[in-house]
Every structure is written in structure tokens, then in C-alpha cells.
> 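Here you go, one structure.
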Amino acid sequence: MAKIIAGVCSSHVPAIGAALDNGKSGEPYWQRVFSGFEPSKKWMEKAKPDVCIIVYNDHASAFSMDIVPTFALGCAAEFPPADEGWGPRPVPTVKGHPELAAHIAQSVILDEFDLTIVNKMEVDHGLTVPMNLMFGQPKEWPCPVIPLAVNVVLFPPPTAKRCFKLGQAIRKAVESYPEDLNVVIFGTGGMSHQISGPRAGLINSKFDKAFLDGMAKDPKKLTRLKHVEFMREAGAEGIEMVMWLIMRGAMDDDAKEVYRFYTVPASNTAVGHIILENPGKMGGKKKSAAKKPAAKKAPARLAAE
Ligand code: DHB
Ligand code: FE
């Protein structure tokens, strides 16, 4: 069966992408940011996921203000980089996993989460910057990706609690997929930042660090945070952190923190990053391969439910 082996959260600051694309990653300002992701890239090489689910937000690149889906699941075979105003980023096209994506859509919608199914979509820095941070700058991305776009741009975004519960439904969906796949789920965005208005430039490291602690030890507490608290404490764009809770809901309750990084600033934001592993689930494909005959019965069980 498929399983979620680990979860990764990271900010998705567009200027990080611009630094990479324009050969500026060696500058001291950017070195401070990128050095924090060196252990993460090594970790990712070892984790070798078969598929990643990346929870991110679109910044009016794929969706205009005409249509703003709350949760949009990318079910296409590929997702080209979007033109964000100065041309598409020079990153490889993101390959999808239409079979697993369709299975997740079916499972979570029947579980009463009314996702939007997206069969054609471009992806912006919200998705591609965390991929660069975790995979570097390869010619081709090493694994397929299922994008899950969340509205955090137009009020009202989904609540922290709803996001956590969607994560739980995603875990159930992945665990009922019969193929033996190791899945890593990303939550992206944040941490504290406010891009415009009188509070532009706001950073609240105390709030961010407490949020990182909560991700590791007490995520249920974080699900009680209201929109107004995120905005007051972490700035208007700090609301992006609700997406981290989709990742956390998809992880096991006893997931273990294996890495954390925090630095201020990168552009207007605090960069936060955490990696959680599900105990006993990293690697271990041989073990689940031995159980393959039983796994084959899963679709029949699902249909009978
Ligand atoms: C910035 C950060 C973001 O998350 C974003 O989507 C756009 C801009 C910034 O810090 O400049
Ligand atoms: Fe953003």
C-alpha cells in the first residue's frame, strides 16, 4: 500500500527563486538562507519519495480573481511553470501523478471535502521554490508531484482546523491506494510576513518559533488559531501557515521532528523550515512489497464501502 513517510514545511519566498535563477545563491545574504537547506537536500536524497504531495498557494498565476477555489487538487500529467510577470521560472515542468491524484480526489470528496479537481494548471513560486530548496536545481525533477492549491489570498481562507482535517483525509486516501508508494507531503508558505500596508515588513519570530514547536509537539493547539490571530501575530500573509497544518494532519500523531531551520529575513519574510518523519515508515519498501497480494484486494474493499 502507499504510505506517507515524511512531511516537509518551508517558506516559498519568490525572491529565493529569483536568487537561484539569476545565479545569486552564493551571495552572503542568500548563503544564510540556502545553507539551512543543505542538510534537507541530503535528507531528501535518502528519503527518495516516489511521489510528493505539495500543498501551496497560487499567487494569481493559475487562477485570477475570477475563480478562487478553496482547495484545488492538480490531477494532470504535467504542470508547466507559470508566467509570474517576468516570464516563467527556468525550472523543469512538474510531472504529476494522475492515478494517485484521482484516487485522492475520490477518497477525500467521498469523505465530505469538496475539492476542486484541476486537469490543467500552471504552477508558480509557491510550489517551485520549495522544490528547489529540497531538490536543488536538477534538469528534471526526481519524482512526480501532486499539487494541492489552497486559497490564502482572498478572504475567507479555510480555517486551520479544516486544513488539519483535510490532511487527515489525505492520509486516509494515500493509505488506501494499492500501489506500494512512499509519499512525502509538503506544506509551504509563511512564516510571518506582511507585504503591504502600514505594517509591511512585520516579522514575529516569537510566534514563528512557537508555531514550529507546535508543529512538532502539539499541532492540535495550532488548529485552534483563528484567522485574525494569524494576521495580528504573523502579518496578513502569515495566514499562509494554515497550509502547514494540512501537512501536519496528514502525518501520524507521533511524527518526529528530524530537522528545523529558521532565519530572518528573506525578502519580506521569516524563512521557516521543519522536517517530520513518521516512525517506522521511512524506506521499508521491501516489507510492503511482500504484502502485495493483500494490497491488490484494496480497490474491491473500497468499492464495497
Ligand atoms: C513575498 C513572500 C511571499 O510568500 C510571496 O508569496 C510573495 C512575496 C516576499 O517576501 O517578498
Ligand atoms: Fe506566498
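Indexing begins at 1, ligand by ligand and atom by atom, following the structure's order.
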> Taking a cutoff of less than 4.0 Å between a non-hydrogen atom of the residue and any ligand atom, is E237 in contact with ligand 1?
no
> With the Fe ion (ligand 2) as the reference point, give the N/O/S atom of E240 that is nearest.
OE2
> ring-ring contact (aromatic ring centres under 6.0 Å, His included), that's the test. Do Y56 and H125 meet it? Break it down for me.
CA-CA 9 Å; Y56 76 109; H125 66 269; 9.3 Å; no
> Strictly under 4.0 Å, does any heavy atom of P14 approach an atom of ligand 1?
yes
> Side-chain donor-acceptor pair under 3.5 Å between N182 and K48, yes or no?
no
> Determine, for R171 against D252, whether the closest basic-nitrogen to carboxylate-oxygen distance falls under 4.0 angstrom.
yes
> Counting the benzene-type ring for Trp, do H12 and H59 have ring centres under 6.0 Å apart?
yes
> Evaluate whether atom NZ of K281 has more than 12 neighbouring non-hydrogen atoms of other residues, nucleotides or ligands under 6.0 angstrom away.
yes
> Out of all atoms in ligand 1, which are within 4.0 Å of some heavy atom of H193? Include the element for each.
2 (C), 3 (C), 4 (O)
> What are the atoms of ligand 1, with element, lying closer than 4.0 Å to any heavy atom of S267?
9 (C), 10 (O), 11 (O)
> If you take the nearest heavy atom of each of I195, V271, T188, N268, which one is closest to atom 1 (C) of ligand 1?
I195
> Identify, by atom number and element, the atoms of ligand 1 in contact range of H125, meaning under 4.0 Å from any of its heavy atoms.
5 (C), 6 (O)
> Of the protein's non-hydrogen atoms, which lies at the shortest distance from atom 6 (O) of ligand 1, and what is that distance?
H59 NE2, 2.7 Å
> A side-chain contact here means heavy atoms from C-beta on lying under 4.5 Å apart; do L166 and F71 qualify?
yes
> Around atom NZ of K41, are there more than 12 heavy atoms from other residues, nucleotides or ligands closer than 6.0 Å?
yes
> Quick one: which ligand 1 atoms are inside 4.0 Å of a heavy atom on E240?
4 (O), 6 (O)
> Among the N/O/S atoms of H59, which is closest to the Fe ion (ligand 2)? Give the atom name.
NE2
> Would you say the Fe ion (ligand 2) has H12 as a near neighbour, meaning an N/O/S atom of that residue under 2.8 Å away?
yes
> Do F37 and F261 have their ring centres less than 6.0 Å from each other?
yes
